[in-house]
Student: 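Before I ask anything, let me first share the structure, which is written out below as structure tokens.
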Amino acid sequence: MSGSESTASNFIEEIIESDLQRKGTEWKVHTRFPPEPNGYLHIGHAKSICLNFGLAEKYDGITNLRFDDTNPATEDTVYVESIKEDIRWLGFDWEDREYYASDYFDQLYHFALYLIKKGKAYVDDSTVDEIAGMKGTPTRPGQESPFRARSVEENTQLFSEMKEGKYPDGSKVLRAKIDMSSPNMHFRDPVLYRIKRATHHRTGDDWCIYPMYDFAHGQSDSIEEITYSLCTLEFENHRPLYDWFIEQLEIFPSRQIEFARLNVAYMITSKRKLLRLVEEGYVSGWDDPRMPTIAGLRRRGYTPAALRNFADRVGIAKRDNLIEISLLEYFIREDLNKIASRVMVVHDPVKLIIENYEEGKFEDLEADNNPEDPSAGSRMLPFGREIYIDRKDWMEDPPRKYFRLGPDRTVRLKHAYIIHCHNHTKDADGNVTEIRCTYYPNSKSGSDVSGIKAKGTLHWVSVPHAAKGEIREYDILFTDPEPTTHEDRDFIEFLNPSSLQVIEHAAFEPSLLEVTSGRHYQFFRTGYFVTDPDSRPGYPIFNKVVGLRDSWGKKMKNKK
RNA sequence: AGACCUAUGGUGUAAUUGGCAACACAGCUGGUUUUGGUCCAGUCGUUCUAGGUUCGAGUCCUAGUAGGUCUACCA
């Protein structure tokens, strides 16, 4: 950033630029990404990661990775590892700034003691239900706890005994003493600490009391001197409480700014609900290619560039949003169009015989790997008398604008010759079983002197050279754009029964036998695919990332 | 109902901070093309409502309406 002209592209950048101008060169942009290690990261986290790391990149600042691990019951190191892998894969680096809220347990404990000393916190022996019952409602004030008037000495004693393990789980909590009639529910004496005997993934059994998120998050930001603490809208009502803690504890004032969480149509981003999909077996795991998790998107074939461009385009604002999946698809197509090798795969093979092509003869045809990128080179494709073409590329009685094959029609075979269809056979149900054509020897790709204009170009695979493999085609996981918004219905009811289609009889060009994991391809005229880790030697498995745009298919659909 | 927040095309985000409402996606039309892909050109359509301030309001003020969040010893 130089000069005074604004480069801000959202309200957070505006705040930062105005701070930078007013506070001078001492002022640092210091953000953080604060996941709880209790689940896998999803596309909404990707937006937050891009925001936090992106801001630091743009304004010459730094970003911490901090795990908010204050609830040992649900957290685990396997999540820590997956989270780190996902962030790295997206292309961001927190260098040596890997922190944990649990690193601050001791400090947090002393913060609590300090609050007690100031008469701003007390130990409450009430039960969960009693505390809830005295909470009041947004329109009715709550009642003060009978334990609210305990002395500083008694509270100090009780709290340290809580820490020492003198009391059973749930028997006491430490609460802030604020205002039981506040219109902001978070000020009605929020719970600060609870007794919970659980082994923490990092601190083991050192503690039997754990701070609540609200008593840990803001102070953790403060300890790390985070200048911009960015979070989603639902924490708006928590901000006054965090500011109150900062003021009472007289610590570094991090500034929290809230933005709207990402919502993508037909996707869900509730960790609890995603966990349910995994645990109840509706998907194969956290990295099922239908999952909106980063691991799932990666296995589906999404690239970091596509996700980052998407996060960029979606923008940052405070109003609720519902992004169309077509935007996500646009960015993955854009990226893959540049980098994916074109290959020929026949999904639903029908045999085609070129009657005037010599039996037993084969020739190798040169095929460019990517017309968008000459440096991608080329490969050789075996061609012969018998080939497969896709069933949907043939119609017995085609409409006028159909550019593909049918009786007495002429098409080009990609990288090969122009052929003319003059015969076909059908089975009892009327399905075509074999197509018979003749080819024009002087129409060879690259040296075509036939003068024939073929309107359509088909992909094909040589019958004796065809490789076997599997294609997994994915569709939206839910049939409703917002499956979790129906009060009276479980989101599971909206699961798409045909979200996965396995195709086992496709014919692959032989070069695909030597695939490596995670490699992207464009199946010519079909879509983008990526090799799945389930692939076995000699049996490649491909996940469909997204189809090619299909204006013909769309037109046909509209006619129906 | 109380507090806090939000309201701009079908979708998302902008608008030099009070000065001709723009960009992207989606849609539609056409062109190029050995992918009905890519690319190119064109097109459609927008400031929640009612008042007010002003030469001038998406932007400021007032009132309303609609939506979101908050009543866990979860985060």
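In the text below, chain A, chain B and the rest are named by the order of the sequence lines, each starting its count at 1. Computation of the quantities below employed the complete heavy-atom set of this structure, encompassing side-chain atoms and omitting hydrogens, waters and symmetry-equivalent molecules.
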Student: Sticking with atom C1', work out how far B:rA72 lies from B:rA57, rounded to a whole angstrom.
Tutor: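 That atom pair is separated by 45 Å.
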Student: Rounded off to whole Å, could you give me the CZ-to-C1' distance for the A:R261 and B:rU6 pair?
Tutor: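 Going from A:R261 (CZ) to B:rU6 (C1'), I get 16 Å.
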Student: Round to the nearest Å and state the distance from A:E482 atom CD to B:rG67 atom P.
Tutor: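 Whole-Å distance recorded here is 14 Å.
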Student: Minimum heavy-atom separation for A:T269 to A:G44, with atom names?
Tutor: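 So the minimum-distance heavy-atom pair works out to CG2-N, 4.4 Å.
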Student: Looking only at the aromatic ring of each residue, does the gap between the centers of A:F67 and A:Y100 stay below 6.0 angstrom?
Tutor: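 Yes; A:F67 has its ring centre under 6.0 Å from that of A:Y100.
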Student: Do we see a donor-acceptor contact under 3.5 Å between the side chains of A:E224 and A:Y104?
Tutor: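 Short answer, yes.
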Student: Each nucleotide in nucleotides 28-46 of chain B should get exactly one letter: B, S or -. Can you fill that in based on protein heavy atoms under 4.0 Å?
Tutor: S-----BBBBB--------
Student: Provide the closest heavy-atom pair for A:R308 versus A:C50 in the form atom of the first, atom of the second, distance.
Tutor: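 Heavy atoms of A:R308 and A:C50 come nearest at CG-SG, 3.9 Å.
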Student: How does protein reach along nucleotides 10-15 of chain B, written 5' to 3' as B (base within reach of a heavy atom under 4.0 Å), S (only sugar-phosphate), or - (no contact)?
Tutor: BSBSSS
Student: Using only heavy-atom distances, determine whether the side chains of A:D19 and A:Y228 contain a donor-acceptor pair under 3.5 Å.
Tutor: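 Judged by distance alone, the side chains do pair up.
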Student: Does B:rU17 sit syn or anti, given that only angles within 90° of 0 count as syn?
Tutor: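 Syn conformation here, the glycosidic angle of B:rU17 being no more than 90° from 0.
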Student: So that I know where these two stand, are A:Y417 and A:Y439 an aromatic pair - ring centroids less than 6.0 Å apart?
Tutor: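 Ring centroids of A:Y417 and A:Y439 are less than 6.0 Å from each other.
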Student: Tell me: CG of A:N263 to P of B:rG67, nearest whole Å?
Tutor: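 In whole Å, B:rG67 P lies 17 Å from A:N263 CG.
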Student: Going 5' to 3' along nucleotides 70-75 of chain B, which nucleotides have protein heavy atoms under 4.0 Å from the base (write B), which only from the sugar-phosphate (write S), and which from neither (write -)?
Tutor: SBSBSB
Student: Treating A:D69 as the side-chain partner and A:A101 as the backbone partner, does any N or O pair qualify as donor plus acceptor under 3.5 Å?
Tutor: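 Yes, the answer is positive, given that a donor and an acceptor are paired below the 3.5 Å cut-off.
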Student: Minimum heavy-atom separation for A:R197 to A:D169, with atom names?
Tutor: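 Looking at all heavy atoms of both residues, the closest pair is NH1-OD1, 2.7 Å.
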Student: Kindly say whether the aromatic ring centers of A:H201 and A:Y79 come within a distance under 6.0 Å.
Tutor: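 No, the ring centres sit 6.0 Å or more apart.
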Student: Could you tell me whether a side-chain N or O of A:R150 sits under 3.5 Å from a main-chain N or O of A:Y122, the two making a donor and an acceptor?
Tutor: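 Looks like no, no N/O pair under 3.5 Å.
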Student: Please check: side-chain N/O of A:Y109 versus main-chain N/O of A:K163, any donor-acceptor pairing under 3.5 Å?
Tutor: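 No; judged by distance alone, with no hydrogens or angles, the pair does not exist.
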